[in-house]
Amino acid sequence: MIIPREFYERDTLTVARELLGQILVRETDEGIVRGSIVETEGYLGLRDDAAHSYKGKSDRVRVQYGPAGAAYIYMIYGMYHCLNITTGPEGVPEVVLIRALEPVSGIGLMAKRRGTEKLPQLCSGPGKLCRAMAVDKALYGADLCSDGPLRLEYGKTPAETAASKRIGIDYAALCRDKLWRFTIAGNQYVSVRR
DNA sequence: ATGCAGATCGTCT
DNA sequence: GACGATCTGCATC
C-alpha cells in the first residue's frame with residue numbers, strides 16, 4: 001500500500017522518524033528492488049545551516065518548494081547521488097534524507113549494480129543505496145505517492161528507534177549537534193554505528 | 001580498527 | 001576557483 005501525501009505534509013522530524021521501517025520500491029526494465037528504511041536525517045530548510053535550502057531558492061533545490069512526497073535528488077562529489085523526500089507544506093523547503101536501507105527483495109540486482117555480494121554493504125549509505133536502486137537525477141521531482149518507478153509503501157513499525165547527530169555536516173556551526181538523524185535501534189544496515 | 005588520498009563534477013562565490 | 005549531506009582501496013597500528 002502506497003503511503004499517501006498527507007504522511008509527508010507533517011513536521012519534518014516526525015516524518016523522518018516515521019519513515020523508519022517503510023519500504024522504498026524501485027522498478028526499472030531490469031526488475032524490481034525493495035528496501036526497508038533503517039536510517040534517515042531531517043534537513044530543516046531556513047532554520048538549518050546544514051540544509052541546501054538554508055539560503056533560500058536556487059535551481060538545485062526548486063523541488064523542495066513544491067508539494068510533499070517528491071524526490072529531491074542531488075549529485076555529491078561528482079560521482080554519487082543522494083535521495084531525499086520533500087516534507088511539510090508547499091513553499092517550505094524541508095526534506096528527509098534517506099541514508100540506509102535493509103535490502104528486502106531484488107537483492108541479486110542490487111548486488112550487480114553495486115559490484116559486491118556483501119549484504120550489509122549494499123545499501124548502508126546514501127550514495128550506496130542510490131546506486132543499488134538506480135536512483136539518479138532522472139528521478140528528480142518524481143512523485144513517491146503514486147504508482148510510479150520510485151515509490152514508498154507501508155512496512156513494519158520498528159520496535160525501537162534512536163536519535164543521533166547527523167553525519168558529515170561539521171561545517172554547519174549552528175545545527176551540527178542537533179539530534180536530527182534517526183535509526184532503527186540495533187539495526188545492522190545503518191551507515192555508521194556509534 | 002583507524003586514517004588518508006583519490007575519484008570527479010555540479011553548484012555556488 | 002573551491003568544495004561537498006560519499007565511498008573505496010590501501011597503509012599503518
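Throughout, a chain's letter reflects where its sequence line sits, starting with A, and its residues are numbered from 1. Side chains included, hydrogens not; waters and symmetry mates left out as well; all remaining heavy atoms used.
Using a 4.0 Å heavy-atom cutoff across all strands shown, A:L97 reaches at least one base atom of the nucleic acid. Residue contacts shown for A:R176 are absent, as no nucleic acid heavy atom lies under 4.0 Å away.
Heavy-atom neighbours of A:K112 NZ from other residues, nucleotides or ligands within 6.0 Å: at or below the threshold of 12.
Between A:R131 and C:dT6, a side-chain N or O to OP1/OP2 separation shorter than 4.0 Å is absent. Not one side-chain nitrogen or oxygen of A:K178 sits closer than 4.0 Å to the OP1 or OP2 atom of C:dA5. Using a 4.0 Å cut-off, some side-chain N or O of A:K128 falls inside it from OP1 or OP2 of C:dT8. An OP1 or OP2 oxygen of C:dA5 is reached within less than 4.0 angstrom by a side-chain nitrogen or oxygen of A:H52.
Atoms CG (A:D49) and P (C:dG4) sit 13 Å apart, rounded to a whole Å. Computed from coordinates, the A:Y140 OH to B:dG10 C1' distance equals 13 Å when rounded to whole Å. Between the P atom of C:dT6 and the CD atom of A:Q121 lies a distance of 17 Å, rounded to the nearest Å. Atom CZ of A:R114 and atom C1' of C:dG9 are 14 Å apart (whole Å). In this entry the distance linking OH of A:Y171 with P of B:dC12 reads 13 Å, nearest Å. As rounded to whole Å, 9 Å separates atom C1' of B:dT13 from atom NZ of A:K55. The CG-P distance, from A:L122 to C:dC7, rounds to 13 Å in whole Å.
A donor-acceptor contact under 3.5 angstrom links the side chains of A:E39 and A:S191, judged on distance only.
Linking ILVMFWY side-chain heavy atoms closer than 4.5 Å, directly or via other members, places A:I32 and A:L24 in two distinct hydrophobic clusters.
Within the model, atoms CG of A:L150 and CG of A:L83 stand 6.0 Å from one another, a figure rounded to the nearest 0.5 Å. Distance check: A:E102 CD to A:I23 CD1 gives 8.5 Å after rounding to the nearest 0.5 Å. Note: A:I184 CD1 to A:S36 OG = 5.0 Å, rounded to the nearest 0.5 Å.
Ring centers of A:Y74 and A:H52: under 6.0 Å apart, within the cut-off.
With A:L20 as the fixed residue, the side-chain contact (heavy atoms from CB on, under 4.5 Å) test singles out one of A:T157, A:T161, A:N187: A:T161.
Residue A:A50 is the one, among A:T116 and A:A50, whose nearest nucleotide of DNA chain C lies closer to the 5' end (criterion: closest heavy atom).
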Steps toward salt bridge (charged side-chain N to carboxylate O under 4.0 Å, His left out) verdict (A:R17, A:D11): CA-CA 10 Å; A:R17 181 159 233 146; A:D11 164 72; over 6 Å; no
Watson-Crick and G-U pairing of DNA chain C written in dot-bracket, each distance under 3.5 angstrom, with | for inter-strand partners: ||||.|||||||.
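Scanning residues 58-82 of chain A for heavy-atom distances under 4.0 Å to DNA chain B yields A:S58, A:R60, A:Y77, A:G78, A:M79.
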